[in-house]
There are 4 protein chains.
Amino acid sequence: MTATPARRRELLDTAAEVFAAQGYNATTVRRIADEAGMLAGSLYYHFDSKESMVDEILSTFLTELWAGYDAVLEAGLGPRETIEALVTESFREIDRHRAAVAIYQKESKQLAALPRFHYLTDSQTKFEKAWLGTLERGVADGVFRTDLDIRLTYRFVRDTVWVAASWYRPGGQHSPEEIARQYLSMVLDGISVVT
Amino acid sequence: MTATPARRRELLDTAAEVFAAQGYNATTVRRIADEAGMLAGSLYYHFDSKESMVDEILSTFLTELWAGYDAVLEAGLGPRETIEALVTESFREIDRHRAAVAIYQKESKQLAALPRFHYLTDSQTKFEKAWLGTLERGVADGVFRTDLDIRLTYRFVRDTVWVAASWYRPGGQHSPEEIARQYLSMVLDGISVVT
Amino acid sequence: MTATPARRRELLDTAAEVFAAQGYNATTVRRIADEAGMLAGSLYYHFDSKESMVDEILSTFLTELWAGYDAVLEAGLGPRETIEALVTESFREIDRHRAAVAIYQKESKQLAALPRFHYLTDSQTKFEKAWLGTLERGVADGVFRTDLDIRLTYRFVRDTVWVAASWYRPGGQHSPEEIARQYLSMVLDGISVVT
Amino acid sequence: MTATPARRRELLDTAAEVFAAQGYNATTVRRIADEAGMLAGSLYYHFDSKESMVDEILSTFLTELWAGYDAVLEAGLGPRETIEALVTESFREIDRHRAAVAIYQKESKQLAALPRFHYLTDSQTKFEKAWLGTLERGVADGVFRTDLDIRLTYRFVRDTVWVAASWYRPGGQHSPEEIARQYLSMVLDGISVVT
DNA sequence: GATGAATGAGCATTCATTCAT
DNA sequence: GATGAATGAATGCTCATTCAT
């Protein structure tokens, strides 16, 4: 007999997969239940609502993400190394929580409108502070170019990394670290040959 | 008095705005009608269905996009100049069809499953051929780096450009051309200072 | 330019045809308008409502039917000859008003519930009185069998005649009079060979 | 506690009653639900659609009808006895499935246009073959009159029997067998006194 | 822990009807 | 006489959720 928290995880993983594939709104509770081999009503023994399922999926993911990010940010690295570490950590999270990341990308804007999901906005703010701050520090330190709009750069780097969740498939050709390495190489040095 | 095609356009613009903001599924026909100052049923005088609205929004956009892309591709430019022209053209399209682009980004995967939207898949294929081909040509010509996974590079450049639709607001600080210039600068030369 | 009453007739004939083919409820005003080469709204210049169209179709038919029936009933014929004349007259009406008869058969029960269509019920009553009365007279006179339930006989004869509207096509192989002759022959003498 | 198939039957019986009384199109799903003491949406737990309800009603009826008919047709009876048995069987079916028969009479033409109801057309064809064949055999054998249009006779007998569903009420004065006996007597020997 | 059956609110869509032009 | 555009009520259907068993 599976212990309750394990069963919960299992169900949430199933739900996350379906949410990621079909979108939160387009996913019916019945579909999740089907995938989990039970009837729709039975899910309500485990969860209060469909909303609380995404909630748990996203908050679990964000908790882990911030554990990793905070560790990086508190490590006292230089701006370039911080960026490198954040990107690498991000791809690791994508690897571990692909579905959750995809949901986050697609649905967080909608969900953030609901009070219970305000933490998404908070996270967004913290996120921006971390990345933008690091980039600014890098510009000040002379490691990043000064001729670029810093907010544009921020969006560029941020999106560049996270959209990867839309095509990334765990167990593919490249490890998350390898993908991070190539992405960083492109972001930092560009794709053109230096002449 | 508004001519019929003008009214259609007006309504589609309204619909596109709402679809982009709330997502296709989460958007009710009633909401669109509200926004257009009419009753839900009245929309059906102009359109067959909610589906045919997105259809017209997306196909109009893609038609225009490909007009621009085809012009670039047939201009006989070198790989670097082609990439530059495609990126610039893309940002111009984002400027002109922000809502449509956002819808395309968020919903095309779902919609492409329906027969009537197979042209989305076709477009996707043509798109990949155009960009990937140009990148490969660039690598062969020695203008793009050879040490990068070419498909990774493709996704990097592609996503980098189109996600911009999620935050871009027409009439903002930068013109589409200026944004294109800075994006290109980052993509081609990187964000780090060459030492 | 067509005079108004002629145009009305034309439109009603069109409507009757569609009502008969698709059923009253299933027929949309738009469909009738299409068939008449105009827009749905334009019909309302000629008629108050869809209901008033069937109303006019049915009442016109019933007026003519009763003109014929009354002539027969007042002719002072014997029971057998009366039945023969009524059946013949009925097939002539089916020939002239096929669509109206078909509508009457299919929809009168529903429509009779509405106050404006109470004349359908009245007609039904008169109808029963005429047929049932004649049959009873025939039984009393010894021209019709006495061993049959008279109401059953009435229904038998009535249905037998009118259902023909569901398959009858004007201009077919047999004239209405010929069909009447054969029907009467079956009803009166049976289909089996007398041994 | 009602078992599932029993509940289904119950609901279908309710639906059939309403369909027969108001017509398929004019019957709203809400009305059926009202009659069944539940909400409209609840019906969809048991059935896919309004269409699938008529489908099940009609196909169940036809299955039973053909069981009876086939038994008769395979019994090797003479033409007259076959007609007698078919008519009797028909009235028994009307007795058992009055609502279904009424629906079949009124709606099958419309419904047969839909692919899922093609079996209605098939049944119609088989039906015609059975009756017409028997009549032809009877004419050849000299038990039925030769001076009648055989197709007219077929329609006469067919309609004569089935329209009865429009007025028949189970539990009435006459048993189905008695009605069949009188109908057969009229059809075979006529209503007039042989002089 | 799970099922079966039902709720109730909401949704896309249809359609008879209206009316200014 | 007819059109184009809109109304508003109703319809079939979906779906998250509840709850007795």
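As a basis for the values below, the full set of heavy atoms in this structure was taken, side chains included, without hydrogen atoms, waters or symmetry mates. Keep in mind that this is a model prediction, so the values were computed, not measured. Proteins come first, then strands; the chains are lettered A, B, ... in the order of their sequence lines, and each starts at number 1.
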Contact nearer the 5' end of DNA chain E, comparing D:Leu43 with A:Leu43: A:Leu43
Set of salt bridge (charged side-chain N to carboxylate O under 4.0 Å, His left out) partners for D:Arg30, sequence neighbours left out: none
DNA chain F contacts among residues 109-120 of chain A, heavy-atom distance under 4.0 Å: none
Intra- and inter-strand pairs of DNA chain F in dot-bracket (Watson-Crick or G-U wobble, both distances under 3.5 Å; | for another strand): .||||||||||||||||||||
Nucleic acid footprint by protein, nucleotides 8-13 of chain F - heavy-atom cut-off 4.0 Å, B for base, S for sugar-phosphate alone: B--BBB
Rounded distance [0.5 Å steps], OH in D:Tyr45 versus CE in D:Met38: 10.5 Å
Partners meeting side-chain contact (heavy atoms from CB on, under 4.5 Å) with A:Ala102 (sequence neighbours left out): A:Ala20
Results of side-chain hydrogen bond (donor to acceptor under 3.5 Å, both in side chains) for C:Glu107 - residues two or more places apart only: none
side-chain hydrogen bond (donor to acceptor under 3.5 Å, both in side chains) partners of residues 19-29 of chain D, not counting sequence neighbours, each pair once: D:Gln22-D:Arg31
Partners meeting side-chain contact (heavy atoms from CB on, under 4.5 Å) with B:Ser49 (sequence neighbours left out): B:Glu51, B:Ser52, B:Arg116
Residues forming a side-chain contact (heavy atoms from CB on, under 4.5 Å) with A:Glu56, sequence neighbours excluded: A:Arg8, A:Leu12, A:Phe47, A:Thr60
Value in whole Å for how far the P atom of E:dC11 lies from CD1 of B:Ile32: 12 Å
Short side-chain N/O contact from D:His46 to OP1 or OP2 of E:dG4, under 4.0 Å: no
Atom-to-atom span, CD of A:Gln22 to P of F:dC15 - whole angstrom: 11 Å
All side-chain hydrogen bond (donor to acceptor under 3.5 Å, both in side chains) counterparts of C:Ser123, not counting sequence neighbours: C:Trp66
For C:Glu64, side-chain hydrogen bond (donor to acceptor under 3.5 Å, both in side chains) partners two or more places apart: C:Arg96, C:His97
Side-chain N,O (D:Arg7) to OP1/OP2 (E:dA6) below 4.0 Å: yes
Separation of E:dT13 P from B:Phe47 CZ (nearest whole Å): 13 Å
Partners passing side-chain contact (heavy atoms from CB on, under 4.5 Å) against A:Ala112 (at least two apart in sequence or in another chain): A:Leu120, A:Thr121
